[in-house]
4 protein chains.
Amino acid sequence: MSRGRPRTAGADEAILTAVRELLTAHGFAGFSVDDVATRAGVGRQSVYRRWPTKAALVVAAMSAIAAGAPPGTGTLAGDLRALVQRTRAAYAGAQRSALLDLHAAMAGDPAARAAFEEQFVAPRRAALAALLSEHDSPADPAVLHDLLAGPFLHRLLTTDTDPDDALVGAVTAALIGAAS
Amino acid sequence: MSRGRPRTAGADEAILTAVRELLTAHGFAGFSVDDVATRAGVGRQSVYRRWPTKAALVVAAMSAIAAGAPPGTGTLAGDLRALVQRTRAAYAGAQRSALLDLHAAMAGDPAARAAFEEQFVAPRRAALAALLSEHDSPADPAVLHDLLAGPFLHRLLTTDTDPDDALVGAVTAALIGAAS
Amino acid sequence: MSRGRPRTAGADEAILTAVRELLTAHGFAGFSVDDVATRAGVGRQSVYRRWPTKAALVVAAMSAIAAGAPPGTGTLAGDLRALVQRTRAAYAGAQRSALLDLHAAMAGDPAARAAFEEQFVAPRRAALAALLSEHDSPADPAVLHDLLAGPFLHRLLTTDTDPDDALVGAVTAALIGAAS
Amino acid sequence: MSRGRPRTAGADEAILTAVRELLTAHGFAGFSVDDVATRAGVGRQSVYRRWPTKAALVVAAMSAIAAGAPPGTGTLAGDLRALVQRTRAAYAGAQRSALLDLHAAMAGDPAARAAFEEQFVAPRRAALAALLSEHDSPADPAVLHDLLAGPFLHRLLTTDTDPDDALVGAVTAALIGAAS
DNA sequence: GTATAATCGAGACGGTACGTCGGGTCTTTCG
DNA sequence: CGAAAGACCCGACGTACCGTCTCGATTATAC
């Protein structure tokens with residue numbers, strides 16, 4: 001079928017790793033695609049062959065973070081509590097500025113937005129939906145997701161500080177309340 | 001006294017208006033400072049004389065939206081309900097992409113972040129704090145603010161759709177619950 | 001001996017033909033080696049297997065034009081006159097831009113220069129030398145060659161127009177005069 | 001009329017000088033526009049603001065060489081002789097590769113060709129025309145120009161050696177003969 | 001009225017990143 | 001092996017935008 005030299009194994013991951021490191025170290029505006037290529041030990045064209053745009057590249061690099069195994073407590077409340085803790089972690093620490101910059105990367109780039117939605121948001125929403133249906137909750141997964149991640153995101157964007165326990169408690173209570 | 005030619009009356013507002021229009025039409029990355037100057041019928045330097053940076057300029061343009069008079073129902077629950085409605089409006093419609101891009105603009109620009117915090121976030125938080133103290137609620141205004149605006153912001157950033165009634169209801173319930 | 005798959009018959013000629021067409025149509029800088037390969041229905045590597053460089057490739061494509069059988073009038077003057085006519089033809093018409101670009105191709109490429117010298121210039125100079133010795137002329141063949149081809153080349157490079165009769169007449173006169 | 005910051009005095013010349021040096025040292029393909037800008041102590045955009053293309057830039061750099069004061073012997077033959085000597089000098093020595101590369105620069109760039117024609121060829125042809133009319137010669141200046149410069153150019157392009165005395169003599173004789 | 005001084009529109013400036021393109025090499029699979 | 005396909009590294013191209021810097025021309029206060 002398709003012939004020709006196959007893409008260098010591991011190059012994709014080397015590039016994405018480079019992006020993640022640079023994103024954490026210098027922020028979205030603080031590195032160029034050329035920096036990425038150099039750090040990944042790759043030609044610049046090899047980056048553009050895989051992702052059309054710096055924004056798309058960053059989205060791809062971030063989407064790997066989105067992965068999430070199911071909690072697995074017995075009760076719905078327990079599972080939600082675990083979920084809140086995990087979300088808190090996602091919006092805290094080193095990830096912070098990277099996530100901020102991810103949003104920056106997508107401004108005015110609908111394709112990147114769509115990729116983000118598909119690779120980053122959808123899995124988390126799906127996990128939530130699975131959890132709700134498992135416990136026969138009639139709540140809307142999209143609403144719960146907004147209720148879960150929104151407050152952490154808002155704190156991150158407006159304050160640039162890690163979420164505190166008061167916020168975690170409030171979110172947990174709100175979530176459990178909304179799940180009926 | 002101050003000598004020299006006074007700044008052209010109305011230039012500030014012409015510039016900010018141009019920013020708002022361009023922000024709505026093309027997004028943060030979709031226009032240059034030069035575009036702003038041209039559209040405002042002003043030299044580029046006249047923009048930079050007033051705001052040091054594109055991000056700062058955009059923050060200033062957006063902060064006008066932040067204005068908010070206190071609700072004024074009798075009950076705490078009623079006031080919170082009104083506040084949710086107003087917040088929903090702020091995160092819906094034409095403002096949407098502008099707000100999104102505003103956040104984008106501030107990534108990696110601490111000065112702009114601070115300006116945004118001061119001009120955009122603080123007033124809303126202050127209004128909330130006043131409301132809470134007026135009704136003797138012990139709740140943390142910062143937490144309530146995150147709980148109030150976060151879900152709308154999250155939906156905006158991830159979905160690019162207007163908030164629906166289900167979300168409004170959930171946020172209202174969460175807020176009233178958190179205010180004890 | 002040599003084993004393995006033999007080179008595809010006719011590929012060489014297909015490639016050179018493609019080069020000639022592209023040279024005429026778009027000029028040296030106006031096509032890539034990839035264009036050549038595509039048009040010849042050949043892989044790019046098959047081109048590089050045969051010629052080391054784009055310039056060398058173009059030289060090879062042009063050298064086929066250089067072919068020249070001896071004139072064969074009785075007199076020296078008659079033979080020179082015929083030679084001028086033939087040279088005029090070489091520097092006119094469709095060949096024009098191709099020849100121009102050939103010279104361009106060789107700038108800064110000594111190997112291509114040498115190949116051009118060997119395949120393109122030498123035969124014509126040899127023909128001239130044979131002609132002169134046949135008629136016992138003491139003139140320097142190199143000088144005569146410059147006097148013969150130079151004016152046509154100059155007109156081509158500076159004017160991009162075909163040589164006119166006045167130029168042909170002047171060249172002929174100069175040549176006959178120089179051959180004593 | 002047009003206001004705004006005037007172009008930096010001397011920048012044009014600094015750029016052209018840099019081009020000439022780089023052309024002599026490394027040849028047309030041996031330097032980038034960025035090299036030019038760096039060497040001239042100028043931003044790259046300042047180069048592109050003045051000349052649209054690398055080729056156009058090189059043409060401009062070379063055209064300064066074209067300058068030529070009139071000879072001024074008493075006789076037509078003497079003037080032509082002087083002209084030949086000067087032309088010989090133009091096509092010899094350090095200029096050589098630069099001139100070669102100039103032709104390379106213009107391949108496939110009609111605008112550059114036109115600029116070259118206007119700035120480089122026309123003045124020399126005009127000088128020749130003036131000379132001929134001064135001495136009441138009916139000869140075609142264009143033809144004489146081809147006859148004068150062509151042989152030197154041809155030797156340069158094909159041989160990459162300086163013109164020798166034999167060539168100078170032949171060109172002189174041809175020229176005087178053609179001028180009647 | 002005549003300095004003095006700040007602002008204005010215009011646009012050039014040095015930098016830096018963008019995304020594209022081409023050259024020449026390397027590496028697959030298929031014949 | 002040769003061939004077609006296509007990925008690879010490298011580096012130049014020309015464009016765009018940022019934030020700064022001159023210009024000459026206003027337009028005000030201050031002397």
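Within the 4.0 Å cut-off from OP1 or OP2 of E/dG24, at least one side-chain nitrogen or oxygen of C/Thr53 is found. Between D/Lys54 and F/dC13, a side-chain N or O to OP1/OP2 separation shorter than 4.0 Å is present. Listed pair C/Ser32 / E/dC21 fails the phosphate criterion, with no side-chain N or O lying under 4.0 Å from OP1 or OP2.
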Enumerate the protein-to-nucleotides 26-28 of chain F contacts in which both atoms are nitrogen or oxygen and the separation is below 3.5 Å.
unit_1, atom_1, unit_2, atom_2, d
F/dT26, O2, B/Arg5, NH1, 3.1

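The distance between atom CZ of C/Arg50 and atom C1' of F/dA4, rounded to the nearest whole Å, is 12 Å. Atom CZ in B/Arg39 sits about 20 Å away from atom C1' in E/dA10, given to the nearest Å. Atoms OH (D/Tyr48) and P (F/dA16) sit 13 Å apart, rounded to a whole Å. Regarding C/Arg49, its CZ atom lies at a distance of 13 Å from the C1' atom of E/dT27, rounded to whole Å. In this entry the distance linking CG of D/Leu57 with P of F/dA12 reads 15 Å, nearest Å. One interatomic measurement links the two molecules: CG of B/Leu22 to C1' of F/dC17, which rounds to 15 Å at whole-angstrom precision. Between the P atom of E/dA12 and the CD1 atom of D/Ile15 lies a distance of 13 Å, rounded to the nearest Å. Atom CZ in C/Arg44 sits about 11 Å away from atom P in F/dG6, given to the nearest Å.
Place B/Phe31 and D/Asp34 on DNA chain F by their nearest nucleotides, and D/Asp34 ends up nearer the 5' end. Positionally, the nearest nucleotide of DNA chain E for B/Thr8 lies more toward the 5' end than for the other of B/Thr8 and D/Gly43. Positionally, the nearest nucleotide of DNA chain E for D/Ser46 lies more toward the 5' end than for the other of D/Ser46 and C/Val33.
Closest heavy-atom contact between D/Ile15 and D/Ser46: CD1-O, 4.1 Å.
Contact of the D/Val58 side chain with the D/Phe31 side chain is registered, since non-hydrogen atoms from C-beta on lie closer than 4.5 Å.
Taking CG of D/Leu57 as the reference point, atom OH of D/Tyr48 lies at 9.0 Å (rounded to 0.5 Å). Atom-to-atom distance recorded for A/Leu23:CG and A/Phe28:CZ is 8.0 Å, nearest 0.5 angstrom.
A/Gly41 comes within 4.0 angstrom of the backbone, heavy atoms only, and of no base.
Using a cut-off of 4.0 Å between Lys/Arg side-chain N and Asp/Glu carboxylate O, D/Asp12 and D/Arg50 are scored as salt-bridged.
A donor-acceptor contact under 3.5 Å is not formed by the side chain of B/Gln45 with the base of E/dC8.
Among residues two or more places apart in sequence or in another chain, the side chain to side chain donor-acceptor pair (under 3.5 Å) test is passed with D/Arg39 by D/Glu21.
No hydrogens or angles considered: nothing links the side chains of D/Asp35 and D/Thr38 as a donor-acceptor pair under 3.5 Å.
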